[in-house]
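A short write-up of the structure that comes next.
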Number of protein chains: 2
Amino acid sequence: MADQKLPRREREKLRQRQEILSVALDLFSQKGYHNVAMHEVAAQAEFAIGTLYKFFQNKEDLYKALVLEECDRFEEILQAALAQTEDEVEKLRHYVRAKGQWCRDNLPFVRLFLAESRGASFNIKAGLDDELRQRYYVFMERIALIFERGIKNRRFKKIAEPYFLAVALDSVVDASLLLWLDAPERHPYPEDPEAVLGIFFQGLLEA
Amino acid sequence: MADQKLPRREREKLRQRQEILSVALDLFSQKGYHNVAMHEVAAQAEFAIGTLYKFFQNKEDLYKALVLEECDRFEEILQAALAQTEDEVEKLRHYVRAKGQWCRDNLPFVRLFLAESRGASFNIKAGLDDELRQRYYVFMERIALIFERGIKNRRFKKIAEPYFLAVALDSVVDASLLLWLDAPERHPYPEDPEAVLGIFFQGLLEA
DNA sequence: TTATATTATGAATTAAGTGTCAGAATATAT
DNA sequence: ATATATTCTGACACTTAATTCATAATATAA
């Protein structure tokens, strides 16, 4: 971050912006986008409403900024995890572990995302949905590439299309994290990525 | 349905109720719950607003009725599919096929569900979310039982806990249907349940 | 046919929440 | 210290949409 290079005033502003986003994330994730009034965000962040409108054109704009900036960070972390090794199996392990870790570190956002992300409810015009879906597809292509290379290498059998394998793996990771989120006492956090990957690596059918 | 036993007036009422629910489903699935006004539902269904409030206490109540009744039908169909055979592998095939078929037959509801179901946005107090989650868990237990029996039978290797296998399978089915929904030209409808089940049945790793 | 009961109607009420803007507060420049 | 520019403030205007209820329409009974 080049924050330090900016004049004091600008840095101050950035901090305020972050503060607003952070408060908004908390409130949205607790009560849902539609049940949070701009007044509430303002009050909680200790600004006047008018000030929020200095930073964000409107409520939707605030929400978009929140989601997109959070997703940027998420993607960076996953990229970094994938870059750690060349080995296909290891890449998958890193991916699963990093995704889990990030979710653990960003619970409020995860909750918000689960609650609102698919939300045609107010995103239909916003186009945020499309942007996120697009990003998701692009990322899945990356994971698909790992499977593809693994298949070329003869490390993997081609039990399905690489892209479908990617989406399937990702959705099982989500499912395992969701179980943990919903009932941590019954489904402890899946520390070991093998719990998920085992399903893909080993076949279910007895020979 | 015992509709025929009811006096004419009552049957008429039931039909009206269905009509309202059907219109509401269409509108909600197209524009999202929050972007549909009761006025719109009334207009589309050719009733006065007041009439809607004869049938449903309020908007949320209407939505709940819609979702719960639709889910009832869904569950019935899946139950029926599972009851068709005793063979574990066949049961899984029937399940995957029936779920896909139902989704195909109920696209508007599927869209609505994807858009709103997780929605803490307005369900937090409604408790609908909890009810649906509960039902989901109960249903997953049923699928888990299939895996459990298969493991006991030595038809399946125990590559993971039965319950987790159930949730994983279900989430991969969802993922494959979602791909089709989002981009039917690129990801054709998965007619053959083996496309999904193959991932579970065969292992990915080369021996 | 007339009286009575039931049901449907939609204008009016109420509530909630977004976004504006004139003026207050604060910062910067001279 | 004063003038000027910038930023912050929050009361309020305005919109939107849920719900109510007095009245009209319709059905049923006598």
Side-chain angles (χ1 to χ4, degrees), chain A residues 6-21 23-24 26-28 30-66 116 119-126 128, chain B residues 6-28 30-67 115-116 119-126 128:
Chain A
L6 295 168
R8 212 201 77 242
R9 209 76 226 290
E10 295 300 309
R11 271 180 289 140
E12 179 65 15
K13 273 206 176 179
L14 261 184
R15 250 226 319 288
Q16 292 182 335
R17 198 187 122 101
Q18 282 311 318
E19 179 62 23
I20 293 170
L21 286 175
V23 164
D26 281 348
L27 288 175
F28 286 158
Q30 278 165 41
K31 316 179 32 170
Y33 178 82
H34 285 289
N35 296 319
V36 174
M38 288 298 263
H39 270 102
E40 265 179 286
V41 179
Q44 189 86 37
E46 293 175 273
F47 287 103
I49 313 201
T51 309
L52 298 206
Y53 286 88
K54 277 270 137 64
F55 288 98
F56 307 97
Q57 287 217 310
N58 51 44
K59 192 182 175 187
E60 193 172 300
D61 193 46
L62 164 62
Y63 178 76
K64 277 197 201 176
L66 182 56
E116 311 278 2
S121 39
F122 77 99
N123 284 330
I124 267 179
K125 43 184 174 177
L128 179 58
Chain B
L6 295 168
R8 211 200 79 242
R9 210 75 226 291
E10 294 300 308
R11 272 180 288 140
E12 179 65 14
K13 272 206 175 179
L14 261 183
R15 247 224 323 287
Q16 292 181 336
R17 198 188 123 101
Q18 282 312 317
E19 179 61 24
I20 293 169
L21 285 174
S22 152
V23 164
L25 171 56
D26 281 348
L27 288 175
F28 286 159
Q30 277 165 41
K31 315 177 35 170
Y33 178 83
H34 285 289
N35 296 319
V36 174
M38 288 296 263
H39 270 102
E40 265 178 286
V41 179
Q44 189 85 38
E46 293 175 272
F47 287 103
I49 314 198
T51 309
L52 298 206
Y53 285 87
K54 277 270 135 65
F55 288 98
F56 307 97
Q57 286 217 311
N58 51 46
K59 191 182 176 186
E60 193 173 301
D61 193 47
L62 165 62
Y63 177 76
K64 278 195 200 178
L66 183 57
V67 171
E116 311 277 0
S121 38
F122 75 99
N123 283 329
I124 267 179
K125 41 182 175 180
L128 178 58

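Every chain is numbered from 1 and lettered A, B, ... according to where its sequence line falls, protein lines coming before strand lines.
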Completion exercise
d(Gln16(A) CD, Glu46(A) CD) to nearest 0.5 Å is 12.0 Å
Handout entry: Spacing of Leu52(A) atom CG relative to dT7(D) atom P, expressed in whole Å
Key = 16 Å
Exercise for the section: Mind calculating the distance between OH (Tyr63(A)) and P (dT18(C)) to the nearest angstrom? Expected result: 15 Å
Problem - Sub-4.5 Å side-chain heavy-atom contact between Asp26(B) and Val23(B) - result: no
Fill in the blank from the handout: Taken to the nearest 0.5 Å, the spacing of Glu40(A) CD from Ile49(A) CD1 works out to 10.5 Å
Practice task
Figure out the OH/P separation between Tyr53(B) and dT20(D), and round it to whole Å.
Solution key: 7 Å
Completion exercise
In short, Met38(A) meets Tyr53(A) closest at the heavy-atom pair CG-OH, 3.5 Å
Practice task
Measure the shortest side-chain to side-chain distance between Leu62(B) and Leu21(B) over non-hydrogen atoms and say whether it is less than 4.5 angstrom.
Solution key: yes
Exercise for the section: Rounded to the nearest angstrom, tell me the gap between atom CZ in Arg15(A) and atom P in dC8(D). Expected result: 13 Å
Problem - Close side-chain approach of Lys64(B) and Phe56(B), heavy atoms under 4.5 Å - result: no
Practice task
For Gln57(A), report the nucleic acid contact type (base, sugar-phosphate, nothing); a contact means any heavy atom under 4.0 Å.
Solution key: nothing
Exercise for the section: Could you tell me whether Val36(A) contacts a base, only the sugar-phosphate backbone, or nothing, with contacts defined as non-hydrogen atoms closer than 4.0 Å? Expected result: sugar-phosphate
Exercise for the section: Give a yes/no on whether any side-chain N or O of Gln16(B) is located under 4.0 angstrom from OP1 or OP2 of dT7(C). Expected result: no
Exercise for the section: Report the relative orientation of the aromatic rings in Phe28(B) and Tyr63(B); use parallel for angles under 30°, tilted for 30 to 60°, perpendicular for over 60°. Expected result: perpendicular
Completion exercise
Rounded to whole Å, the NZ-C1' distance (Lys54(A) to dT26(C)) equals 13 Å
Practice task
Report the distance from atom CD of Glu60(A) to atom C1' of dG19(C), rounded to the nearest whole Å.
Solution key: 14 Å
Exercise for the section: Return the value, rounded to whole Å, for the distance between atom CD of Glu40(A) and atom C1' of dG17(C). Expected result: 10 Å
Exercise for the section: Figure out the CG/P separation between Leu27(A) and dG17(C), and round it to whole Å. Expected result: 13 Å
Practice task
Determine the contact category for Glu12(B): base if any of its heavy atoms lies under 4.0 Å from a base atom, sugar-phosphate if only primed atoms, P, OP1 or OP2 are that close, otherwise nothing.
Solution key: nothing
Restricting both atoms to N or O, compile the protein contacts to nucleotides 10-15 of chain C shorter than 3.5 Å, with distance only.
residue, atom, partner, partner atom, Å
dG10(C), N7, Gly50(B), N, 3.4

